[in-house]
Amino acid sequence: MGKKMKAIIVGGSIAGVSCAHSLTLAGWDVLVLEKSSEPPARSPTGAGLGLDPQARTIIKSWLSHPHLLDETTLPLSIDQNQATDSEKKVRRVLTRDESFDFRAAYWSDIHGLLFNALDPTMFLWGHKFLSFAMSQDGSTVKVETLVMETQETVEIQGDLLVAADGCLSSIRKTFLPNFKLRYSGYCAWRGVFDFSGDENSETNNSVTLKVSQEMINKMHQEADTIWIPELARLMKETKEPFLNVIYDCDPLERIFWGNVVLVGDAAHPTTPHGLRSTNMSVLDAEVLGKCLGECGPENLSLGLEEYQRIRLPVVSKQVLYARRLGRIKQGLDPDGIGLEQKHMPFFSGAPLV
């Protein structure tokens with residue numbers, strides 16, 4: 001049967017745990033390195049996300065209790081875009097799609113589902129990635145990591161390094177030292193409202209940058225003129241809102257080098273307008289696992305080439321379309337058409353093999 005191949009995944013976010021699922025199913029030993037000291041719980045920098053039907057199907061295939069995904073998400077069945085004249089306080093609907101089959105979720109809920117369905121011993125929490133080196137014959141990769149608690153340095157050897165270390169990926173920088181994220185020209189307010197401490201709140205029944213109180217007050221004033229009252233009230237009741245600077249990057253020409261491969265935001269940083277980041281990460285993981293499983297351990301390079309061939313055209317088009325959606329919504333694109341999510345490339349499903 002030959003030896004079992006070992007994958008080292010850097011990053012324990014959704015992209016990383018998704019790859020842990022897919023590679024385990026493909027017959028690999030998996031080790032996940034994450035600098036956080038423990039699995040993430042609800043935090044003030046958490047985020048909401050939207051899952052498309054294809055990503056949901058994949059996630060359910062990884063879970064022993066797939067019904068839990070539906071129980072921890074909410075229907076997101078309408079995609080509506082509207083314009084507001086803040087001076088005249090007039091709103092008009094631009095587009096409305098009532099067949100929008102997404103489901104809304106809280107980031108940590110999805111991460112928890114995926115993490116809890118894995119063997120916890122495959123995770124090394126509190127391990128900060130430092131560097132890596134490929135062997136001369138390209139057959140193995142050695143990763144150096146810092147144990148945060150003891151400050152000791154540990155070396156780990158594997159057959160594949162999976163870079164799931166986010167949009168600021170240090171692994172990607174090794175191969176693309178001049179790579180820079182593209183600032184979109186705008187920021188987004190974010191925050192997490194905790195309903196658990198205020199079950200009787202009226203808001204409960206209706207629908208990163210640190211900032212000064214003056215900035216928050218201005219945001220609240222603008223919310224009153226732009227958003228519906230229920231949403232404006234929700235924004236005012238949200239503690240510790242913060243600013244998220246919006247970045248993406250031009251599509252990469254390749255997403256693997258030797259036995260090092262990029263997944264998730266490390267492979268395709270994107271703006272949030274297309275609800276793509278998590279969905280692309282799940283698809284990356286599924287395709288990577290399928291390609292490596294079908295090609296077999298003796299054909300690792302072929303499997304990575306196939307992964308790149310399948311995923312690169314998809315994510316490139318989706319990143320650019322999400323960028324265009326953002327420009328339209330910011331009034332930066334004079335040809336303001338195509339606002340509906342259903343026009344996203346591969347919206348009905350991306351190829352898996």
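Quick note: residue numbers are just sequence positions, from 1.
- For an aromatic pair to be called close, the ring centres must be under 6.0 Å apart, and Phe115 with Trp125 satisfies this.
- For Asp119 (side chain) and Met122 (main-chain N/O), no donor-acceptor pair under 3.5 Å exists by modelled atom type.
- Proximity of a side-chain donor or acceptor of Glu34 to a complementary backbone N or O of Ser36 within less than 3.5 Å is detected.
- Transitive grouping of hydrophobic side chains (ILVMFWY, heavy atoms separated by less than 4.5 Å) brings Leu292 and Leu25 into a common cluster.
- Side chain of Thr225 to backbone of Glu222: a donor-acceptor contact under 3.5 angstrom is found.
- Of the N and O atoms on the side chains of Gln213 and Asn217, at least one donor lies less than 3.5 Å from an acceptor on the other residue.
- Cluster annotation: Val154 and Phe123 are assigned to the same hydrophobic cluster (Ile/Leu/Val/Met/Phe/Trp/Tyr, side-chain heavy-atom contacts under 4.5 Å, transitive).
- Closest non-hydrogen pair, Ser13 versus His111, comes out as C-CD2, 3.7 Å.
- For Asp101 and Ser99, the side-chain atoms include no donor-acceptor pair closer than 3.5 Å.
- Gln341 contributes a side-chain N or O that, together with a main-chain N or O of His273, makes up a donor-acceptor pair within less than 3.5 Å.
- Leu252 and Phe346 fall into different hydrophobic clusters, where Ile, Leu, Val, Met, Phe, Trp and Tyr residues are linked whenever their side-chain heavy atoms come under 4.5 Å apart, directly or through other members.
- With no hydrogens or angles considered, a side-chain donor-acceptor pair links Asn81 and Thr95 at under 3.5 Å.
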Pair Leu168, Asp265 - check side-chain contact (heavy atoms from CB on, under 4.5 Å), show working. CA-CA 8 Å; Leu168 298 175; Asp265 288 343; over 6 Å; no
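- A salt bridge is absent between Asp70 and Arg56; no separation between the charged side-chain nitrogens and carboxylate oxygens falls under 4.0 Å.
- One finds the CE atom of Met5 at 4.0 Å from the CG atom of Asp159 (value rounded to the nearest 0.5 Å).
- Here the shortest heavy-atom pairing between Met344 and Gly274 reads CE-CA, 3.7 Å.
- Salt-bridge annotation for Glu98 and Arg96: present, with a side-chain N of the basic residue lying under 4.0 Å from a carboxylate O of the acidic one.
- Of the possible polar contacts, none joining the Gln151 side chain to the Leu146 backbone as a donor-acceptor pair under 3.5 Å is found.
- Annotation: side chain of Glu306 is in contact with side chain of Ile310 (closest heavy-atom distance under 4.5 Å).
- Judged purely by atom type and a 3.5 angstrom limit, Gln308 uses its side chain to pair as donor or acceptor with the backbone of Ile255.
- Partners of Trp62 according to the side chain to side chain donor-acceptor pair (under 3.5 Å) rule, which considers only residues two or more places apart in sequence or in another chain, are Glu286.
- The shortest side-chain heavy-atom distance between Gln318 and Thr270 does not fall under the 4.5 Å cut-off.
- Of all heavy-atom pairs spanning Asp29 and Lys4, the tightest one is OD1-CD, 3.5 Å.
- Between Val314 and Leu283 the shortest side-chain heavy-atom distance does not fall below 4.5 Å.
- The distance from atom CD1 of Ile171 to atom CZ of Phe129, rounded to the nearest 0.5 Å, is 4.0 Å.
- Note: Leu51 CG to Ile59 CD1 = 5.0 Å, rounded to the nearest 0.5 Å.
- Side chains of Phe132 and Val10 form no contact here, defined as non-hydrogen atoms less than 4.5 Å apart.
- Nearest heavy-atom pair across Asp165 and Ser170 is OD2-N, 3.1 Å.
- Cluster membership check: Val143 shares its hydrophobic cluster with Val147, using side-chain heavy-atom separations under 4.5 Å among Ile, Leu, Val, Met, Phe, Trp and Tyr.
- Between Phe102 and Asp79 there is no side-chain heavy-atom pair separated by less than 4.5 Å.
- Under the 3.5 Å distance criterion, the side-chain polar atoms of Arg327 are left unmatched by any main-chain donor or acceptor of Ser184.
- Within the 4.5 Å cutoff, no side-chain heavy atoms of Cys167 are placed close to those of Tyr247.
- To the nearest 0.5 Å, atom CZ of residue Arg91 and atom CD of residue Gln82 are 6.5 Å apart.
- Side-chain contact between Val32 and Val17 is absent, with no heavy-atom pair separated by less than 4.5 Å.
- Using modelled atom types, no side-chain atom of Asp109 and backbone atom of Ala105 make a donor-acceptor pair closer than 3.5 Å.
- Expressed to the nearest 0.5 Å, how far CE of Met148 lies from NE2 of His127 amounts to 10.5 Å.
- Checked by atom type and distance alone, the side chain of Ser281 pairs as donor or acceptor with a backbone atom of Ser277 at under 3.5 Å.
- Between Leu262 and Trp257 there is a side-chain heavy-atom pair separated by less than 4.5 Å.
- Side-chain heavy-atom separations under 4.5 angstrom define the hydrophobic clusters, and Leu320 shares its cluster with no other residue.
- The backbone N or O of Asn244 sits nowhere less than 3.5 Å from a side-chain atom of Arg190 that would complete a donor-acceptor pair.
- Remark: Leu339 CG to Arg324 CZ distance equals 8.5 Å, nearest 0.5 Å.
- For His268, there are no ring pair (Phe, Tyr, Trp, His ring centres under 6.0 Å) partners at least two apart in sequence or on another chain.
- When only modelled atom types and interatomic distance are considered, Glu214 and Ser212 share no side-chain donor-acceptor pair under 3.5 Å.
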